[in-house]
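Both backbone and side-chain heavy atoms feed into the values below; hydrogens, waters and symmetry mates do not. What you are looking at is a predicted structure, and each value in this text was computed from that prediction instead of being measured. Sequence lines set the chain letters: A, B, ... in the order given, protein chains first and strands last, and positions in each chain run from 1.
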Protein chains: 2
Amino acid sequence: MLLQVDLASSEPLYRQIRTQIVQGVASGELSPGDPLPSVRSLAGNLGINMHTVNKAYAVLRDEGYVVMRGRSGAYIADTARTVSPARAQEQLDHIAGQLAGLATEYRARGGSEMEFVELARVQAHRVYGTKGEDDAS
Amino acid sequence: MLLQVDLASSEPLYRQIRTQIVQGVASGELSPGDPLPSVRSLAGNLGINMHTVNKAYAVLRDEGYVVMRGRSGAYIADTARTVSPARAQEQLDHIAGQLAGLATEYRARGGSEMEFVELARVQAHRVYGTKGEDDAS
DNA sequence: TTTCTGTTATATGTGTACTATAACAGTTAG
DNA sequence: CTAACTGTTATAGTACACATATAACAGAAA
């Protein structure tokens, strides 16, 4: 798992790190139990401050993506068991709200409903087409 | 077109105003040629500063949603003719990127590709089901 | 010409992001 | 048990975005 940050980006550094970890989980490159580098070592490698990495880890912890184990450090969590049902619902509602917002923007541009759904389908296929080692329960 | 802002929200005021105008365009409540209130009067009605409204209008102008006409004020633009092809492509790429990001978040939660597309379809239907007085060229 | 439009300039206060130094409690390798 | 390393918290400083406030400007229209 190679992490990197773009200092010139308008996206906050801690957000970039958080997103890359989530991408790793989504692609299957990171699995439950996998260890994350320590906040100090990662900060050193990226050339940024320790607290910036710590904030990214804290966000991932609050979102249920990561669990902390004392000195052992941070590990990828089993999201299905770590995240509370209420929190999971919040996150799903958030994604749904975002989708509605994008649909609104798309419609304001004059795009049709069918075109938007098709665009979503294409993007989803791109994302899910990456290293899909997932089981279908 | 009734505009309102939430001072307690984490979303910037100028962004709230911008989004509501776009929503009006999407729903058909606002059509090309419709006038917008002056920055001073709207600021007065909302109880906020003139520059905050002015920033919202400037963003809408840059995005092609609004055109200015000297003293007459601001009017809803004909987005199809006002927005340059290059700018339109940028905006579409932005929406596609956002969709990919949401798909990634969804997959990291353990959701399937089919479920995500279905969620997008439902949200799109909600958005497009609102006052659809659009023509189908 | 007068009035109103959006626009720009400058200044102030607040909140977030990032950095820097320092110390702390918990866990674990030795 | 002890020393070392983990994430965590506290405090402080800088930089930038957001919102406010006051002021003035150029352009278009009543």
Checklist outcome for this item: Separation of C:dT19 atom P from A:N49 atom CG, nearest Å, is 5 Å
Item to check | cation_pi(A:R107, A:F116) dist<6.0 Å, angle<=45 | outcome: no
Checklist entry - Of the nucleotides D:dT8, C:dT28, C:dT5, which has the atom closest to the A:V39 side chain? => result D:dT8
Item to check | Spacing of A:Y75 atom OH and A:L36 atom CG [to the nearest 0.5 Å] | outcome: 9.5 Å
Checklist outcome for this item: Heavy-atom nearest pair, A:D6 first then A:Q16, reads N-OE1, 2.8 Å
Checklist entry - Within this structure, what is the CG-to-P distance between B:L46 and D:dC18, rounded to whole angstrom? => result 18 Å
Item to check | Closest contact, heavy atoms only, B:Q98 versus A:L102 | outcome: CB-CD1, 3.5 Å
Checklist entry - Will you find, in the side chains of A:S41 and A:S38, an N or O donor that is under 3.5 Å from an N or O acceptor? => result yes
Item to check | A:K55 NZ to C:dC18 C1', straight-line distance once rounded to whole Å | outcome: 9 Å
Checklist entry - Between atom OH in A:Y57 and atom C1' in C:dC18, what is the gap in whole Å? => result 17 Å
Next on the checklist: In whole Å, I'd like the distance from the CG atom of A:L36 to the P atom of D:dG7.
Outcome noted: 9 Å
Next on the checklist: At less than 4.0 Å, is any side-chain N or O atom of B:S38 found next to OP1 or OP2 of C:dT5? Yes or no.
Outcome noted: yes
Checklist entry - Of the candidate nucleotides C:dC18, D:dT20, D:dG7, which contains the atom at the shortest distance from the side chain of A:R40? => result D:dG7
Checklist entry - A:R61 near the nucleic acid: base, sugar-phosphate alone, or nothing, with a heavy-atom cut-off under 4.0 Å? => result sugar-phosphate
Checklist entry - B:L60 has an atom CG; how far is it from atom C1' of C:dG6, in whole Å? => result 14 Å
Next on the checklist: Looking only at the side chain of B:H51 (C-beta and beyond, no hydrogens), which of the listed nucleotides D:dA23, D:dG27, C:dC18 gets closest?
Outcome noted: D:dA23
Item to check | For atom CE of B:M68 and atom P of C:dG6, their distance in whole Å | outcome: 7 Å
Checklist entry - Does anything in residues 6-22 of chain B reach DNA chain C, meaning a heavy atom under 4.0 Å, and if so which residues? => result none
Next on the checklist: Tell me the interatomic distance from A:R71, atom CZ, to C:dT27, atom P, rounded to whole angstroms.
Outcome noted: 13 Å
Checklist entry - Considering all heavy atoms of both residues, which atom of B:A108 and which atom of A:V25 are nearest to each other, and what is their separation? => result O-CG1, 3.9 Å
Item to check | A:M50 vs B:P37, nearer the 5' end of DNA chain C by closest nucleotide | outcome: B:P37
Checklist entry - Considering only heavy atoms from C-beta outward, does the side chain of A:V5 approach that of A:T52 to under 4.5 Å? => result no
Item to check | A:T52 side chain, from C-beta outward: closest of D:dG7, C:dT19, D:dT20 | outcome: C:dT19
Item to check | Axis deviation across the helix from C:dT1-D:dA30 to C:dG30-D:dC1, five-pair ends, to the nearest 10° | outcome: 20°
Next on the checklist: Between B:N54 and C:dG6, is there a contact of a side-chain N or O with OP1 or OP2 at under 4.0 Å?
Outcome noted: no
Checklist entry - Linking I/L/V/M/F/W/Y whenever any side-chain heavy atoms sit under 4.5 Å apart, do B:V127 and A:M114 land together? => result no
